[in-house]
Amino acid sequence: MKIHEYQAKDVFAKYGIPVPPGKVAFSADEVESVAQELGGKVVVKAQVQVGGRGKAGGIKLADSPEDARAKGEQILGMDIKGLPVEKVLVTKAIDIRDEYYVGITLDRDARMLVLIVSAAGGVDIEEVARETPEKIAKVHIDPLVGLQEYQITRAIFGSGVDITKARDIRAIIRKLYECYIAIDGSLAEINPLVVTTDGEVIALDAKINIDDNALFRQPELEKLMEVGADMDAIEAEARHKGIAYVHLSDGNVGVMGNGAGLVMTTMDVVSRAGGKPNNFLDIGGAATPKVVEDAFHLILLDPNVNGIFLNVFGGIVRCDVVAEGMIKAYEKLPRKVPVVLRMTGTNEDIARKMLEGTPLVYESSTETGAAKIVEMLGGQS
Amino acid sequence: MKIHEYQAKDVFAKYGIPVPPGKVAFSADEVESVAQELGGKVVVKAQVQVGGRGKAGGIKLADSPEDARAKGEQILGMDIKGLPVEKVLVTKAIDIRDEYYVGITLDRDARMLVLIVSAAGGVDIEEVARETPEKIAKVHIDPLVGLQEYQITRAIFGSGVDITKARDIRAIIRKLYECYIAIDGSLAEINPLVVTTDGEVIALDAKINIDDNALFRQPELEKLMEVGADMDAIEAEARHKGIAYVHLSDGNVGVMGNGAGLVMTTMDVVSRAGGKPNNFLDIGGAATPKVVEDAFHLILLDPNVNGIFLNVFGGIVRCDVVAEGMIKAYEKLPRKVPVVLRMTGTNEDIARKMLEGTPLVYESSTETGAAKIVEMLGGQS
Amino acid sequence: MAILADKNSRVLVQGITGGEGSFHTPRMIEYGTNVVAGVTPGKGGSTWQPEGVANPVPVFDTVEDAVEETGADASVIFVPKRFAPDAVMEAADSGIEVIVAISDGIPINDMVKVYSFMQHTMTTLIGPNCPGLVSVDECKLGIMPNHIFKPGPVGVISRSGTLTYEVVNQLSEGGLGQTTCIGVGGDPIIGTSFLELLMEFEQDSATECVVIVGEIGGSDEEDAAEFIPEMSKPVVAFISGRTAPPGKRMGHAGAIVSGGKGTAESKIKAFEAANTPVADTVPDIVRLCKESLGK
Amino acid sequence: MAILADKNSRVLVQGITGGEGSFHTPRMIEYGTNVVAGVTPGKGGSTWQPEGVANPVPVFDTVEDAVEETGADASVIFVPKRFAPDAVMEAADSGIEVIVAISDGIPINDMVKVYSFMQHTMTTLIGPNCPGLVSVDECKLGIMPNHIFKPGPVGVISRSGTLTYEVVNQLSEGGLGQTTCIGVGGDPIIGTSFLELLMEFEQDSATECVVIVGEIGGSDEEDAAEFIPEMSKPVVAFISGRTAPPGKRMGHAGAIVSGGKGTAESKIKAFEAANTPVADTVPDIVRLCKESLGK
């Protein structure tokens, strides 16, 4: 789960990490009054859960409350990478001397957490890692042992930051780790961590991702969830319905199946057969008529979809039960597009018979099924 | 560092461990008013930092506030194993159904912490461990991993406690561990943990020892320190002076030296020579005249001491410096008892010369020194 | 012959009386698995015997008790996600040699801890969030469908569930039986990955060829590929998710291309560098296996 | 020959610029120790050269840097107690093979953690709260007085400071030189105890006899005694604290008879059961060593 910058800053502040004074605003009026409150120059920042806000014009400096209002008006309602800007964070403008990067995340390959510190902050850290890896210090954290002081020392002295600020940065890193663990983070990032011209060290930006699997024990954070804030409308709808759906958006074939690996493979086979998968959709283990119906409905929300390929491996699930659900679901479809069904497993033959005379086309392998749907859609997409 | 039962209960309560309502009282008047406040039957318990209060008559049940005052009068001012009772804890009397034991401490041999649970509570747990070890469940805790739920399950199901109370006991154990770690405990013990006739689970007694080495980061707990509360007057005085001194109290020879192992060995050799060491005193690495003078003074506080054996191995310390300090210190002694000095190391010869003509007798080995002091005191003690 | 578990494995089920445990345990027994004990704290001393199960299974409060009383050496964990990390550590700490954790939805930070804990034990953990393993005609630790397996020379390791079944089913139908089939799990942090299992298969005299069913995300396929040139046996690889877009999680938490890592291309390249054929489709896997076995 | 460290050891001093470090380092160098680096965070890049030291010692911010630049493989830690646990873990994590922690006053719970941490490394930790070790005429890692040692066939392990010096001094004066002398430390939790060091001495071809200077508290002497029958070399034991009363801490936190454990009697009995002579006095140690060496 992602949360907004202003929410992440609230979390940071709770753990004692210094952030610039500021407040979220939902309208140009509010932007002006927050700017008034803060006094002096302010920065107006679009709150959208996507990177590259700055380049997209979503972050602007304002000289006065009036100017802030004007900037707020420009930013609110913008569309950044498909996400509408509904709120902005207004913060006091900071005079920056240095921009650093500090982040904690999971290093999946090392099976450990990792602390990353770099003097090259304020830019895309992955790019820094690729171009100038020597500017980045990484230390792995065994969560049983916890982040130790010597590891922070290594990271700070290896990162190229101004070591006269080592004490402040050390304290912030300690708090960031404490925060990361306490909130079940999968990412806690300060980019940039700035040294101001007055020598203060402040988190100018804040990014927190929370492990979805851990939300059950993070009720306070779960409340911050905005379903759909980082996804498109169909994905948001799928999330509401509890269905694992990913939108690729530029394909003609809707793909669904049971099991993530099987669905991904099905997409690959459809693509190889000359079709273009429009989505990933995993109906999971319980292929009930209700789930299948919801799944069809979701897939058809994208008007680009003009055919569906459904691929089920019946391990414990019986094929006849699935077939029955499919037939019922199809009847309720708002748009009757061609549907190819590939099923294998218990009662495969019965299922096949049941489908005879329905608009649903049965195929016995993934490859022939994919070829069939592509053929029905008129060949190459 | 030990703290009193009433203080330990305050600490437990802070961590959410249920304790009976109660209050400390310093006079019979206060005992009566606390009993009044609590209502019903109360228990009046001597607050001394030593085991076996019950057997010594330091714990009494009272039916009424008047009775409580009477019991308070009896207990306040008692002497329990050499320690005067200056305060009592007055708590509401509890109707006990079962008495269990729950404790966390260091298992030095295993180099781990250990959780101990037993259905045989309310008595000396070491005796239970000796007589009926099967009644005790122990699990070792790796502090990097922390106490895990399965370990609590093992301890509870292995201990013979009423498992319908498992949930309550589990919660208390969790809190006890959290408390142990947070306060830098070396012992956190509930004996007995009782199940009341109403089915409640409550810590009826509370014992906490805190690691002296960790007091620097436990300022709140350090305030509870009562120097001397668990030691005799001379030991308390030594503690005030920052000198490592242990009183054996029934010997005739005062023993001092530099280094714990050497002093223990010196005591052993004095004993073998027929003397009886009255104390252990380690002057440590810095044998300054001031420290030596304080050390002499402490040793002589016990009138049983009628001779002193001082044993110094000069590793880096120079013998002539020590000798000079000794001579000066001796001049200021309130009681001029025979003193034998054994020193070895740098400038041994100079030191030997310096001592000629003084009342201080030089000897070159621990064995001859011990024999000398015993001889000077008239042979066998 | 098989790896990790066989007909002599004495199997314990943690969470035997729960929904998943009581559904799948009879199926494991039906497959021939020697289920010797169950664990549910508070139900120690009772037995568990659903319809169709011939012998009652004794239930214990702790894994320690179960191991002591029954000599259990393998465990299948069906307990809910909140209790699963503890269950894994309990099993490892009680001397269980092979643990299969079916439970899904375990928080990543919990699993990172469990992973670190497991490094200091002698126990092998398969999963979590996995279908388990089948040593063909010997035992099943998990939830795979019983009927798809046939005995034979192929070892199968996979990150998926149904896709594994698909592969196994087509191998069986194509006349290629299996030694042991293992679903390692779809989470970013899993107990045992391809590399360790490749090493096990290399040691197993009955296994003549190994199929790796990989997918996008992480670098476990790349790590495994590096070991293949040291093996005496042929390996056939398959990667699903070639059409998956970066930054989008494809179902399991593990299947995501992020920060430029974990792409299908990178994995295919790694296998090709190890002279390992990469199948384009599942039928292709069967064909390449046959070729590699000279059939 | 010697155990743990010798003239080839490349020694790092953690806390070299502090009070203790700057006092004892010149004495280590004087003894012939090859001190290659110091660590003080924030002073990296500078050098340290007190009076009397011929070559400046480079100072680094981290042990990792020091190891990388100088190949340091042993470390002596003089940092204050608050920072000592971290310093030990840093050294172990940076690949240092032998750590001697002189620092005293470390909280027990910190040391229990450090002990657990060390179990998962290949590093040997001596101490904390110890005088360190001397491999005679090769190197000194610690604070023992330089002049008391003579080369010879006796290995010495002890829990004390000055008592160790006393024993070594009398051995030297009695014509019995030493291979390596080690003070393991007086705390309840120490990195390495008698047993492990006995095993090291058993492997060391130059050591012909081992002296164990034990004291009351814990069961390290008993554990060591159990190993002696398996040794090819004679051992002489000594226990101080026979007159110490139970429940009273004799100076170091480790020297206490508590809960009926750790008595001198128990330790003497254990050595006697292992047919190991127990000396009554320090001169007795010298005599028994001579006897055991047939001198």
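Every value quoted in this text rests on a predicted model; they were computed, and no experiment measured them. Residue numbers start from 1 in every chain, and the chains themselves are labelled A, B, ... in the order their sequence lines are given, proteins ahead of strands.
At a 4.5 Å heavy-atom cutoff, the contact between B/Thr366 and chain D is made by side-chain atoms alone. Using a 4.5 Å cut-off between heavy atoms, D/Phe117 touches chain B through backbone and side chain atoms alike. Heavy-atom distances place both the backbone and the side chain of D/Ile108 under 4.5 Å from chain B. Neither the backbone nor the side chain of D/Asp223 comes within less than 4.5 Å of any heavy atom of chain B. In this structure, chain B has a heavy atom under 4.5 Å from the side chain of D/Ser160, while its backbone stays farther away. Heavy-atom distances place both the backbone and the side chain of B/Tyr180 under 4.5 Å from chain D. For chain B, the nearby parts of D/Tyr165 are the backbone and the side chain; heavy atoms of each come within less than 4.5 Å. For chain B, the nearby part of D/Pro245 is the side chain; its heavy atoms alone come within less than 4.5 Å.
In this structure, the side chain of B/Asn252 engages the main chain of B/Lys276 through a donor-acceptor pair within 3.5 Å. In this structure, the side chain of B/Asp184 does not engage the main chain of D/Asn109 through any donor-acceptor pair within 3.5 Å.
In the displayed structure, B/Tyr177 atom OH is contacted under 6.0 Å by more than 12 heavy atoms of other residues, nucleotides or ligands.
The pair D/Arg287-D/Asp280 does not count as a salt bridge, with every side-chain nitrogen at least 4.0 angstrom from each carboxylate oxygen. Using a cut-off of 4.0 Å between Lys/Arg side-chain N and Asp/Glu carboxylate O, D/Asp110 and B/Arg217 are scored as salt-bridged. Salt bridge status for D/Lys248 with B/Glu235: present, with a side-chain N to carboxylate O gap under 4.0 Å.
In terms of heavy-atom pairs under 4.5 Å with chain D, the best-connected choice from B/Val263, B/Val246, B/Leu144 is B/Leu144. When the candidates B/Asp282, B/Val145, B/Asp109 are compared by the number of heavy-atom contacts under 4.5 Å with chain D, B/Asp109 comes out ahead. The candidate from B/Ala129, B/Ala244, B/Ala214 with the greatest count of non-hydrogen atom pairs under 4.5 Å with chain D is B/Ala214. Note on D/Met111, D/Glu166, D/Lys113, D/Arg159: by heavy-atom pairs under 4.5 Å with chain B, the leading option is D/Glu166. The residue among B/Leu248, B/Leu113, B/Thr344 with the most heavy atom pairs within less than 4.5 Å of chain D is B/Leu248.
Using a 30° and 60° split on the angle between ring planes, D/Tyr31 and D/Phe149 fall in the perpendicular class, above 60°.
Two residues are said to be in side-chain contact when any heavy atoms from C-beta on lie closer than 4.5 Å; D/Ser158 and D/Val167 fail this criterion.
Atom CG of B/Asp211 sits about 9.0 Å away from atom CG of B/Leu106, to the nearest 0.5 Å.
Using non-hydrogen atoms only and a strict 4.5 Å limit, the part of residues 261-271 of chain D facing chain B consists of D/Lys261.
Among pairs with a residue in residues 78-92 of chain D, none fulfils side-chain hydrogen bond (donor to acceptor under 3.5 Å, both in side chains), at least two apart in sequence or across chains.
At a cut-off of 3.5 Å, with distance as the only test, no side-chain donor of B/Asn209 or B/Ser186 sits close to an acceptor on the other residue.
Tested against B/Met112, the residues B/Asp142, B/Ile141, B/Val139 include a single side-chain contact (heavy atoms from CB on, under 4.5 Å) partner, B/Asp142.
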